[in-house]
There are 2 protein chains.
Amino acid sequence: MGISLRRKETSERRRDTILHAARTVFARKGYAATVVEDIAEEAGIGKGTLYLYFPSKEQVYLAALLEDARTLDAESRGALAEAPSWRDALRRYVEVRLSYFEAHEDFLRIYMTEFRGMCMQGRPLSAELYRLAQDGEALLAQRFAAAAARGEMRAADPELAALMVSDVTRGLIERRLRGWGRPVSAGDTAFAVDMLCRALER
Amino acid sequence: MGISLRRKETSERRRDTILHAARTVFARKGYAATVVEDIAEEAGIGKGTLYLYFPSKEQVYLAALLEDARTLDAESRGALAEAPSWRDALRRYVEVRLSYFEAHEDFLRIYMTEFRGMCMQGRPLSAELYRLAQDGEALLAQRFAAAAARGEMRAADPELAALMVSDVTRGLIERRLRGWGRPVSAGDTAFAVDMLCRALER
DNA sequence: ATAATCAAACTGACTGATCAGTCATTTTGC
DNA sequence: GCAAAATGACTGATCAGTCAGTTTGATTAT
């Protein structure tokens with residue numbers, strides 16, 4: 001019993017090690033160019049061992065994404081819960097996402113590049129990932145709807161408003177990543193938030 | 001001479017056939033999953049023949065994108081040139097891009113999925129494609145700057161404003177493509193344009 | 001304390017499949 | 001009759017996933 005527990009611990013730690021390595025390598029080389037052995041090497045284990053923890057390359061990839069997606073979702077929820085007004089909610093939403101992606105550039109890089117592409121290829125990948133990807137927007141939409149109902153902001157289509165906020169945020173993030181085009185500064189973020197607030201003002 | 005001219009004509013037509021086929025197949029299966037033979041088959045030629053017209057799979061891919069990117073750029077320019085006010089420019093910009101992508105879903109699918117991913121992988125692909133991808137936004141930014149200088153709209157950062165318009169447009173397009181999430185209607189587009197105008201009003 | 005045992009964990013050489021690009025040969029149409 | 005165009009079988013490289021063999025370390029026997 002004590003034994004099996006210790007076993008479980010080290011086994012989970014190893015799983016994490018693999019996921020961490022996978023994020024690093026996938027982020028650096030992209031999904032297609034990453035070879036499973038690269039991940040194993042980065043994790044300091046043999047290729048065969050990796051397959052004891054995950055059934056396929058794709059599952060490693062999705063698991064790496066999922067973990068981060070869950071954390072980001074939790075942080076988004078926290079930020080929105082604390083926001084007193086819809087303006088605060090909007091600002092926090094943008095800020096929390098920008099800072100999360102800044103602190104987890106690996107995740108960002110993977111998410112932005114391949115996952116979205118895979119999504120659009122229509123391949124059914126992970127129901128939970130799809131859900132998490134939408135939950136952030138849905139949460140913001142709820143806040144907007146409540147505020148609109150209270151007459152605090154423009155009443156038209158809170159859902160689409162949330163989607164717009166989300167799109168602008170994604171734009172800010174992507175532009176920070178991309179090697180070309182205008183890099184986005186902190187001031188730009190404030191400006192974008194301000195513009196979005198204006199658009200939604202009563 | 002007459003001969004070489006006719007040769008040139010058919011040769012260019014064949015090139016176009018290949019590009020057309022490539023768009024279809026890349027759009028359906030994605031870059032990685034597409035096999036060069038698929039493209040050749042779709043074009044009704046042998047694989048070897050394809051390599052007489054293009055040096056590599058990647059170059060076929062980029063050429064297919066480039067052609068559409070040029071057309072889209074031209075249409076965007078036309079639309080913006082005719083717009084009397086900055087509001088019209090904004091609306092037309094969104095509309096022309098949405099309708100272009102709607103009429104060329106293949107292009108859209110390729111562009112949205114793989115090209116942007118490749119960009120973010122930092123691989124140097126095609127200077128002209130990079131330029132074209134930015135030109136649309138730059139043009140809109142110019143219009144905004146001129147309008148702002150004339151005091152017709154809010155004077156703050158026309159460039160970032162154009163980026164935001166571009167991001168929202170992209171969001172509308174992507175949501176129309178993706179199999180999940182809220183599908184975007186024509187009314188949504190009008191709403192988004194309206195919101196963006198409000199954000200930029202004096 | 002030390003050795004023997006054994007199952008679970010680990011490993012990396014191997015396999016089968018895939019595919020970009022080539023080139024010796026065939027076809028076309030002038 | 002011939003040069004340009006077209007072809008598709010072939011090659012070499014790559015890689016996901018497997019599995020026969022090795023290591024580890026906990027447990028039991030001496």
Side-chain angles (χ1 to χ4, degrees), chain A residues 1-26 28-65 110 114 118 121 123 125, chain B residues 1-26 28-65 110 114 118 121 123 125:
Chain A
M1 217 264 235
I3 290 162
S4 70
L5 183 59
R6 181 145 67 251
R7 282 267 156 85
K8 185 139 182 284
E9 272 178 10
T10 59
S11 157
E12 249 159 42
R13 189 166 301 138
R14 175 139 298 184
R15 206 187 119 97
D16 280 348
T17 307
I18 295 172
L19 286 183
H20 184 75
R23 258 193 294 273
T24 307
V25 180
F26 279 136
R28 185 165 60 232
K29 313 179 66 166
Y31 182 80
T34 292
V35 171
V36 173
E37 231 165 330
D38 292 344
I39 301 173
E41 198 176 343
E42 177 80 24
I45 61 171
K47 192 197 336 191
T49 308
L50 187 146
Y51 278 94
L52 295 176
Y53 291 85
F54 297 93
S56 69
K57 179 184 175 183
E58 189 177 278
Q59 286 305 311
V60 175
Y61 174 74
L62 291 176
L65 277 186
I110 302 172
E114 260 106 6
M118 287 182 182
Q121 238 27 255
R123 203 139 51 98
L125 291 173
Chain B
M1 217 263 235
I3 290 162
S4 72
L5 184 59
R6 181 146 65 250
R7 281 268 156 83
K8 186 142 182 279
E9 273 176 8
T10 59
S11 155
E12 251 159 41
R13 190 165 301 138
R14 175 138 301 184
R15 206 187 119 99
D16 280 348
T17 306
I18 295 171
L19 286 183
H20 183 74
R23 257 192 296 273
T24 306
V25 181
F26 279 136
R28 187 166 56 231
K29 313 178 65 166
Y31 181 81
T34 292
V35 172
V36 173
E37 232 166 330
D38 291 343
I39 301 173
E41 198 176 341
E42 177 82 23
I45 61 172
K47 196 208 315 206
T49 309
L50 187 146
Y51 279 95
L52 295 176
Y53 291 85
F54 296 93
S56 69
K57 178 184 175 184
E58 188 177 281
Q59 286 305 310
V60 175
Y61 174 73
L62 291 176
L65 277 186
I110 302 170
E114 258 105 8
M118 287 181 182
Q121 238 28 255
R123 202 139 51 97
L125 291 173

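Proteins get letters first, then strands, A, B, ... in listed order; numbering begins at 1 in each.
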Check your understanding: When the distance from CG of B/D38 to C1' of C/dA20 is rounded to whole Å, what number comes out?
Key -> 13 Å
Check your understanding: In whole angstroms, how far is the C1' atom of C/dC10 from the CZ atom of A/R15?
Key -> 18 Å
Review point. For A/E41, does the CD atom sit with more than 12 other heavy atoms under 6.0 Å from it, leaving out its own atoms?
Key: no
Exercise for review: Could you tell me whether the phosphate oxygens of D/dA6, OP1 or OP2, come under 4.0 Å of any side-chain nitrogen or oxygen in B/R14?
Suggested key: yes
**Study point:** Protein-nucleotide distance (B/I45, atom CD1; D/dA4, atom P), rounded to Å
**Key:** 20 Å
Point to revise | A/I39 CD1 to D/dC15 P, straight-line distance once rounded to whole Å | key: 12 Å
Exercise for review: Could you check if a side-chain atom of B/T49 sits within less than 4.5 angstrom of a side-chain atom of B/R14, using non-hydrogen atoms only?
Suggested key: yes
Practice item. State whether the number of non-hydrogen atoms from other residues, nucleotides or ligands found under 6.0 Å of A/E37 atom CD is greater than 12. Key: no
Review point. B/Y53 near the nucleic acid: base, sugar-phosphate alone, or nothing, with a heavy-atom cut-off under 4.0 Å?
Key: sugar-phosphate
Exercise for review: Nearest whole angstrom, please: distance from the P of D/dA5 to the CZ of B/F54.
Suggested key: 16 Å
Revision key, fill the gap. To the nearest angstrom, the NZ-P distance between A/K47 and C/dG12 comes to 11 Å
Review point. Once the angle between the rings of A/F26 and A/Y61 is folded into 0 to 90°, is it parallel (under 30°), tilted (30 to 60°) or perpendicular (over 60°)?
Key: perpendicular
Exercise for review: Taking only the side-chain heavy atoms of A/Y51 (C-beta and beyond), determine which of C/dC19, D/dT18, D/dA6 contains the nearest atom.
Suggested key: D/dT18
Practice item. Figure out the CG/C1' separation between B/L52 and D/dG8, and round it to whole Å. Key: 13 Å
**Study point:** Nearest-nucleotide pick for A/T49, side chain only, options being C/dC19, C/dC10, D/dA16
**Key:** C/dC10
Review point. For B/K57 and C/dT18, what is the distance between atoms NZ and C1' respectively, to the nearest whole Å?
Key: 11 Å
